[in-house]
S.K.: 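Starting off with a structure, shown below.
Hydrogens, waters and symmetry mates are skipped; everything else that's a heavy atom, side chains included, is used. Below, chains carry the letters A, B, ... as their sequence lines are ordered, and counting in each starts from 1.
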There are 2 protein chains.
Amino acid sequence: MTTRVLVVDDDAHILRAIRIHLSACGYAVRTAQTGRAALRAGAAEHPDLVLLDLGLPDLDGTAVIAELRSWSTVPIIVLSARTDGTDKINALDTGADDYLTKPFSMPELLARMRAAVRRSAAPTDRDTVVATTDFSIDLAAKKVLSRSGEQVHLTPTEWAILEILVRDRGALVSQRRLLSEIWGPAYRTETNYLRVYLAQLRRKLEPEPSRPRYLITESGMGYRFQG
Amino acid sequence: MTTRVLVVDDDAHILRAIRIHLSACGYAVRTAQTGRAALRAGAAEHPDLVLLDLGLPDLDGTAVIAELRSWSTVPIIVLSARTDGTDKINALDTGADDYLTKPFSMPELLARMRAAVRRSAAPTDRDTVVATTDFSIDLAAKKVLSRSGEQVHLTPTEWAILEILVRDRGALVSQRRLLSEIWGPAYRTETNYLRVYLAQLRRKLEPEPSRPRYLITESGMGYRFQG
DNA sequence: GGACCCCGTTAGGAATGCGTCAAGATCGGT
DNA sequence: ACCGATCTTGACGCATTCCTAACGGGGTCC
């Protein structure tokens, strides 16, 4: 499984140089030249690692970090020409995982990338099959079986929502996070999407769709999968 | 819930300087001057973070990292005078989380420590559950369970207030802070909002709402969550 | 004892959020 | 280019939550 890296820098030359190096090392590279493009790509592609230059034309670098962190725990390594100490501290406190000052050596960047990915890869070992008395969900196989053993067909969007809720089963998932992860950060306020799809999921999964037992609404906050 | 840091360095002066700085910032500091002492202290005390100098008299620094990593995932930040790139890469690949070259600025070290602790604390929801004899609060899952195990339903505003109080449990939280964090700075004087919502929280959580045991009023000052 | 001030409690209308339905728009495969 | 599946969008009635304004109780300082 290749590691997907999102590289964000406004300088196309640097972007190209990094892309060449990383591709040669077996990473799948995706690039963005602006903060907004970075947020879009982050939401759409769910990279395993983000390399972020702070000097972007449209958004402040720390704003990009904060926005990403509002719904994602992807490792973020900041690459910056600024040697100012306060930039470093702000970036780290906003949620960056590491901070390299340009110019840096490529071997060091690669080593820090390996360290960041190793850390984030560790705690992803939760049961892949979640069973209730009415249905069972296989997260690895992306399948849902009804009690009678028949497969329940879900559309891609339905599955995307269910997967997020079930991965954090028991926890409240904010509508903002669901919208950001599935439709992108720009759709944070389109809560009616969620209303429609939650209704469809309930019709397919709940024994009594009008009185949900598993897909719980927390008014004004979000949704919760009750195991 | 103070963070316990193990500082490993053979130079007693540096050790003292770091200890003073970290203690002043609220960390609980334990020190070791040799690799073996560091491994012993790591096993005995399970620190939340390790600051490790590579130039130890008895063991190679990477050996210490490898030994710790064989059984622990505690964050390790390497502090080293060696500017050689291969040392850095070896340390990171052996399992170090970060690498600072001496001399470094203390604010940067503190920021990197915060980042490392934040990362390692995030996936383990251990500290996010606050339990009393009458109910338990899961800050990560945004869930409150009564003693009988039933879920207590809170509205967004109720939850917002409870979250702030519980995050700073034991401490007095001023009404001004609650009001400006939840309703915005313009509502600093609307203390009647708090009276209403505190009453609702007590009705839902306290065994005897008229005689609060957990949600304590400090007249004229603010409120306090008494664990 | 009286005049405060601060707090707890209650309740109902206003505002916001949610479930539901159905009709276009869009996408993907043949 | 067609057709079915899927996604978007808007509208409506209902449920929940919020705001607000009372009233009463318990302190404290004159």
S.K.: Do A:T217 and A:R202 get their side chains close enough for a donor-acceptor pair, meaning under 3.5 Å?
M.R.: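 Yes - a donor-acceptor pair under 3.5 Å links their side chains.
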S.K.: Can you tell me if B:S146 and B:S148 form a side-chain donor-acceptor pair at under 3.5 Å?
M.R.: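 Looking only at side-chain atoms, B:S148 and B:S146 do form a donor-acceptor pair, the distance falling under 3.5 Å.
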S.K.: Can you establish whether the number of heavy atoms outside B:R69 located under 6.0 Å from its atom CZ is more than 12?
M.R.: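 Counting other residues, nucleotides and ligands, CZ of B:R69 exceeds 12 neighbours.
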S.K.: Tell me: CD of B:Q200 to P of D:dC18, nearest whole Å?
M.R.: 8 Å
S.K.: Using a heavy-atom cut-off of 4.0 Å across all strands, would you classify A:W183 as base, sugar-phosphate, or nothing?
M.R.: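 Touches sugar-phosphate only.
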S.K.: Nearest of D:dC7, D:dT17, C:dC7 to any side-chain atom of B:R195?
M.R.: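 Selected nucleotide (nearest to the side chain): C:dC7.
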S.K.: Can you check the A:M221 CE to C:dC18 C1' distance for me, whole Å?
M.R.: 14 Å
S.K.: Between C:dT20, C:dC18, D:dA21, which one does the side chain of B:V196 approach most closely?
M.R.: D:dA21
S.K.: Search all heavy atoms of A:P47 against all heavy atoms of A:V5 and return the closest pair with its distance.
M.R.: CB-C, 4.5 Å
S.K.: Can you measure A:E218 atom CD to D:dT16 atom C1' for me and round it to whole angstrom units?
M.R.: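 Spelled out: CD on A:E218 to C1' on D:dT16 is 12 Å.
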S.K.: Under 4.0 angstrom, heavy atoms only, what part of the nucleic acid is A:Q175 near: base, sugar-phosphate, or nothing?
M.R.: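 Since only primed, P, OP1 and OP2 atoms lie under 4.0 Å of A:Q175, the category is sugar-phosphate.
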S.K.: Within this structure, what is the CZ-to-P distance between B:R211 and D:dG25, rounded to whole angstrom?
M.R.: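 Distance, rounded to whole Å: 17 Å.
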S.K.: Determine the minimum heavy-atom distance between A:V8 and A:T34, stating which atoms define it.
M.R.: CG1-O, 4.0 Å
S.K.: So, is A:Y193 near the phosphate of D:dT9, with a side-chain N or O under 4.0 Å from OP1 or OP2?
M.R.: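 True: A:Y193 side-chain N/O within range (under 4.0 Å) of D:dT9 OP1/OP2.
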S.K.: Take the protein atom CD1 of A:I216 and the nucleotide atom P of C:dG17, then report the distance between them rounded to whole Å.
M.R.: 21 Å
S.K.: Using whole Å, what does the distance between atom P of nucleotide D:dA5 and atom NZ of A:K204 come to?
M.R.: 11 Å
S.K.: Please confirm whether the shortest side-chain N or O distance from A:H153 to OP1 or OP2 of D:dT6 is below 4.0 Å.
M.R.: yes
S.K.: Just how far, in rounded Å, is P of D:dT17 from CD1 of B:I161?
M.R.: 14 Å
S.K.: Just wondering, more than 12 heavy atoms not from B:M221 lying within 6.0 Å of its CE?
M.R.: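 No, not enclosed.
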S.K.: If you look at every strand shown and take non-hydrogen atoms under 4.0 Å, does B:Y223 touch a base, only sugar-phosphate, or nothing?
M.R.: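 B:Y223: backbone/sugar contact only, no base atoms under 4.0 Å.
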S.K.: Using a cut-off of strictly less than 4.0 Å, decide whether A:R202 has a side-chain nitrogen or oxygen near OP1 or OP2 of C:dG19.
M.R.: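 Yes.
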S.K.: Does A:T217 put a side-chain nitrogen or oxygen below 4.0 Å from OP1 or OP2 of C:dG19?
M.R.: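 For C:dG19, OP1 or OP2 has a side-chain N or O of A:T217 closer than 4.0 Å.
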S.K.: Measure from CG on A:N192 to P on C:dC18 and round the result to the nearest Å.
M.R.: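 Distance check: A:N192 CG to C:dC18 P gives 10 Å.
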S.K.: When you measure from the side chain of B:A199, which nucleotide among D:dC7, C:dC18, C:dT9 comes out closest?
M.R.: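 Nearest listed nucleotide: C:dT9.
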S.K.: For C:dG17 and A:S219 - does any side-chain N or O of the residue sit under 4.0 Å from the phosphate oxygens OP1/OP2?
M.R.: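 No, A:S219 has no side-chain N/O under 4.0 Å of OP1/OP2 on C:dG17.
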S.K.: Kindly say if B:Y197 contacts the phosphate of D:dC19, meaning a side-chain N or O under 4.0 Å from OP1 or OP2.
M.R.: yes
S.K.: Reckon B:T155 has a side-chain N or O less than 4.0 Å from the OP1 or OP2 of D:dC18?
M.R.: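 Indeed, a polar side-chain atom of B:T155 lies that close.
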